[in-house]
Amino acid sequence: MASRCWRWWGWSAWPRTRPPPAGSTPSFRHHLSTQEKTPQICVVGSGPAGFYTAQHLLKQHPQAHVDIYEKQPVPFGLVRFGVAPDHPEVKNVINTFTQTAHSGRCAFWGNVEVGRDVTVPELREAYHAVVLSYGAEDHRALEIPGEELPGVCSARAFVGWYNGLPENRELEPDLSCDTAVILGQGNVALDVARILLTPPEHLERTDITKAALGVLRQSRVKTVWLVGRRGPLQVAFTIKELREMIQLPGARPILDPADFLGLQDKIKEVPRPRKRLTELLLRTATEKPGPEEAARRASASRAWGLRFFRSPQQVLPSPDGRRAAGVRLAVTRLEGVGEATRAVPTGDMEDLPCGLVLSSVGYKSRPVDPSVPFDSKLGVIPNVEGRVMDVPGLYCSGWVKRGPTGVIATTMTDSFLTGQMLLQDLKAGLLPSGPRPGYAAIQALLSSRGVRPVSFSDWEKLDAEEVARGQGTGKPREKLVDPQEMLRLLGH
């Protein structure tokens with residue numbers, strides 16, 4: 001059955017292609033003139049930034065039509081591929097995005113890679129405005145010797161693997177070692193540590209992929225270290241994630257009380273969220289647990305710990321040089337105050353043995369098209385409040401606009417702001433006037449290039465298939481991870 005978006009297209013296109021009916025009324029002619037005023041806008045990327053931008057534009061402009069292009073055959077970006085499987089409540093935002101996609105003035109086109117299947121100049125030609133919201137698809141390299149060794153991978157790829165991101169489906173991490181080291185102390189690092197240490201029976205009712213669950217069942221990893229260059233006051237994770245780690249079934253925390261000396265006085269000055277987080281760390285490190293908690297920790301077969309004031313210098317190879325066997329860390333100390341605090345090496349070194357190294361030092365955006373300015377040092381598109389510098393009619397929102405920081409709520413605010421700037425420019429007459437063909441022009445280009453877009457109703461068929469596959473094993477869904485299989489199921 002054609003999606004609502006298709007019905008909308010059929011309806012909106014016919015007045016332009018057929019003569020007005022005989023004796024047409026002034027209201028029909030008025031309808032034609034308002035059709036000409038319909039701003040055609042396209043959004044590149046269907047993660048939170050893309051959907052929130054679309055939502056704002058549709059809500060604030062009663063005639064705007066928004067097309068969302070996505071390189072994956074499926075929507076929702078980081079909500080589907082980044083949020084941990086044991087955090088289903090965070091994924092509820094998909095319901096809001098689905099409402100947006102069901103709007104008669106919105107269409108989703110998956111399986112279309114902007115920069116490859118269609119260029120940004122071609123989109124700018126077809127639409128009144130283009131918003132780039134394609135996120136941060138890469139990871140920051142460690143830039144240390146040995147990071148290319150087997151046994152080293154990015155936390156981003158590991159997250160993509162257990163969440164069914166097609167490009168990471170063949171990762172096959174080797175979990176036959178006793179100790180894993182995660183370089184980084186943000187929420188992604190904590191997610192990865194938690195998934196590594198959670199008893200598999202606690203994951204089998206989540207949407208984690210079948211392949212990942214199989215590998216985790218065989219895992220021999222017993223200890224996970226999370227390494228950071230700075231101290232407890234500078235960790236980048238949030239209290240919710242820390243609390244989950246402290247209470248993780250079958251695992252106990254290892255924190256060195258020496259790392260927390262003198263911290264009690266320093267936390268008086270810091271903002272409340274940071275204060276609460278540091279107090280929880282401090283209590284966990286220095287206070288004797290109650291009898292129940294002590295018994296729980298004593299019986300735990302797995303452990304995780306935070307190593308502070310350590311900066312990775314080299315991934316150490318095994319004796320035969322064929323895989324990672326440890327990380328050489330420079331011991332650091334802090335200089336400066338507040339936000340300007342930085343870690344400087346003391347000259348001391350320390351080797352931490354492990355068989356798996358996961359780098360979690362940040363995500364990074366890639367340039368999408370040679371026509372779009374890009375700051376490769378910061379990994380963002382240079383912009384002022386979402387307006388791409390020196391390119392009128394081109395906008396950006398989300399991580400490609402501000403860098404890979406913040407949570408879904410931060411992205412929502414940021415995307416609404418970009419939408420607001422675009423509508424201001426539209427009102428001020430700064431965008432092209434006259435009608436633009438929108439998707440009709442892009443569809444012809446894609447068709448000539450052999451690209452078959454996936455509509456939102458196509459996605460709903462894949463969604464139903466995933467849910468049906470999950471029901472057999474008591475999971476909310478069993479994710480499809482192979483794009484070719486997805487397209488075959490749709491008869492593409």
Side-chain angles (χ1 to χ4, degrees), residues 84 86-87 89-90 155 178-199 202-203 221-312 327 329 331-334 338 341 343 350 352-354 356 358 360-361 407:
D86 56 348
H87 284 176
E89 71 290 348
V90 182
D178 178 73
T179 304
V181 167
I182 301 170
L183 301 170
Q185 293 182 336
N187 276 344
V188 174
L190 247 55
D191 275 351
V192 168
R194 197 178 64 253
I195 295 296
L196 280 170
L197 295 175
T198 296
H202 289 239
L203 293 172
V221 175
K222 293 279 179 280
T223 307
V224 177
W225 290 106
L226 297 104
V227 176
R229 286 173 310 163
R230 297 190 292 171
L233 264 179
Q234 288 82 31
V235 294
F237 49 73
T238 48
I239 194 163
K240 177 184 175 284
E241 274 67 22
L242 174 63
R243 209 175 271 127
E244 275 184 295
M245 281 306 286
I246 293 168
Q247 293 161 1
L248 192 63
R252 63 190 171 87
I254 310 170
L255 297 174
D256 184 351
D259 289 336
F260 295 84
L261 291 173
L263 214 57
Q264 197 73 59
D265 299 330
K266 288 182 188 166
I267 54 177
K268 289 171 186 162
E269 330 285 73
V270 298
R272 190 165 179 267
R274 169 71 64 187
K275 187 179 180 196
R276 286 176 60 232
L277 172 67
T278 315
E279 282 171 345
L280 179 56
L281 277 171
L282 193 60
R283 282 200 303 277
T284 310
T286 59
E287 286 182 11
K288 198 176 171 203
E292 203 180 313
E293 177 61 9
R296 189 189 77 82
R297 290 186 193 178
S299 67
S301 60
R302 298 176 173 195
W304 62 275
L306 295 166
R307 293 291 271 266
F308 298 109
F309 312 111
R310 300 288 184 273
S311 174
V327 186
L329 303 168
V331 180
T332 62
R333 60 183 165 77
L334 296 184
T341 306
E350 181 181 287
L352 185 55
C354 64
L356 177 67
L358 294 158
S360 183
V361 292
V407 291

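Note that these values count all heavy atoms, side chains included, but never hydrogens, waters or copies made by symmetry.
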Applying side chain to side chain contact (heavy atoms under 4.5 Å, CB included), name anything that partners [X], two or more places apart in sequence or on another chain.
{"X": "A189", "result": "I182, L226, S360"}
{"X": "A251", "result": "L248, R302, W304"}
{"X": "V407", "result": "A409, T410"}

Could you tabulate the donor-acceptor pairs under 3.5 Å formed by side-chain atoms of residues 285-294, not counting sequence neighbours?
residue : atom : partner : partner atom : Å
T286    : OG1  : L282    : O            : 2.6
E293    : OE1  : R296    : NE           : 3.0
E293    : OE2  : R296    : NH2          : 3.2
E293    : OE2  : R297    : NE           : 2.8
E293    : OE2  : R297    : NH2          : 3.4

Measure across [X] and [Y] and return the closest heavy-atom pair with its distance rounded to 0.1 Å.
{"X": "L281", "Y": "P232", "result": "CD1-O, 4.0 Å"}
{"X": "M245", "Y": "L190", "result": "CG-CG, 3.7 Å"}
{"X": "V192", "Y": "A155", "result": "CG2-CB, 4.1 Å"}

Validation row: [X], [Y] side chains within 4.5 angstrom (heavy atoms):
{"X": "L334", "Y": "R230", "result": "yes"}
{"X": "T341", "Y": "L233", "result": "no"}
{"X": "L280", "Y": "I246", "result": "yes"}
{"X": "T284", "Y": "L242", "result": "no"}
{"X": "T278", "Y": "Q264", "result": "no"}

**Request:** Give the intermediate values and the outcome of side chain to side chain contact (heavy atoms under 4.5 Å, CB included) for residues R274 and V235.
**Result:** CA-CA 9 Å; R274 169 71 64 187; V235 294; 3.6 Å; yes
**Asked** What distance do E279 atom CD and K275 atom NZ have between them, rounded to the nearest 0.5 Å?
**Response** 5.0 Å
Run the side chain to side chain donor-acceptor pair (under 3.5 Å) test against [X] and tell me which residues pass, sequence neighbours left out.
{"X": "D86", "value": "R194"}
{"X": "E350", "value": "R307, R310"}
{"X": "T238", "value": "N187, E241"}
{"X": "R243", "value": "none"}

**Message:** Holding to ring-ring contact (aromatic ring centres under 6.0 Å, His included), I want the full list of residues that pass it with F260, two or more places apart in sequence or in another chain.
**Reply:** F308
**Request:** Using a cut-off of 6.0 Å, state whether more than 12 heavy atoms not belonging to R229 lie near its atom CZ.
**Result:** no
**Request:** Scan for salt bridge (charged side-chain N to carboxylate O under 4.0 Å, His left out) pairs involving residues 249-259, sequence neighbours excluded, and state none if there are none.
**Result:** none
**Summary of salt bridge (charged side-chain N to carboxylate O under 4.0 Å, His left out) pairs that have at least one residue in residues 261-270, sequence neighbours excluded** = D265-K268
**Message:** Listing request: all ring-ring contact (aromatic ring centres under 6.0 Å, His included) pairs with a residue in residues 223-244, at least two apart in sequence or in separate chains.
**Reply:** none
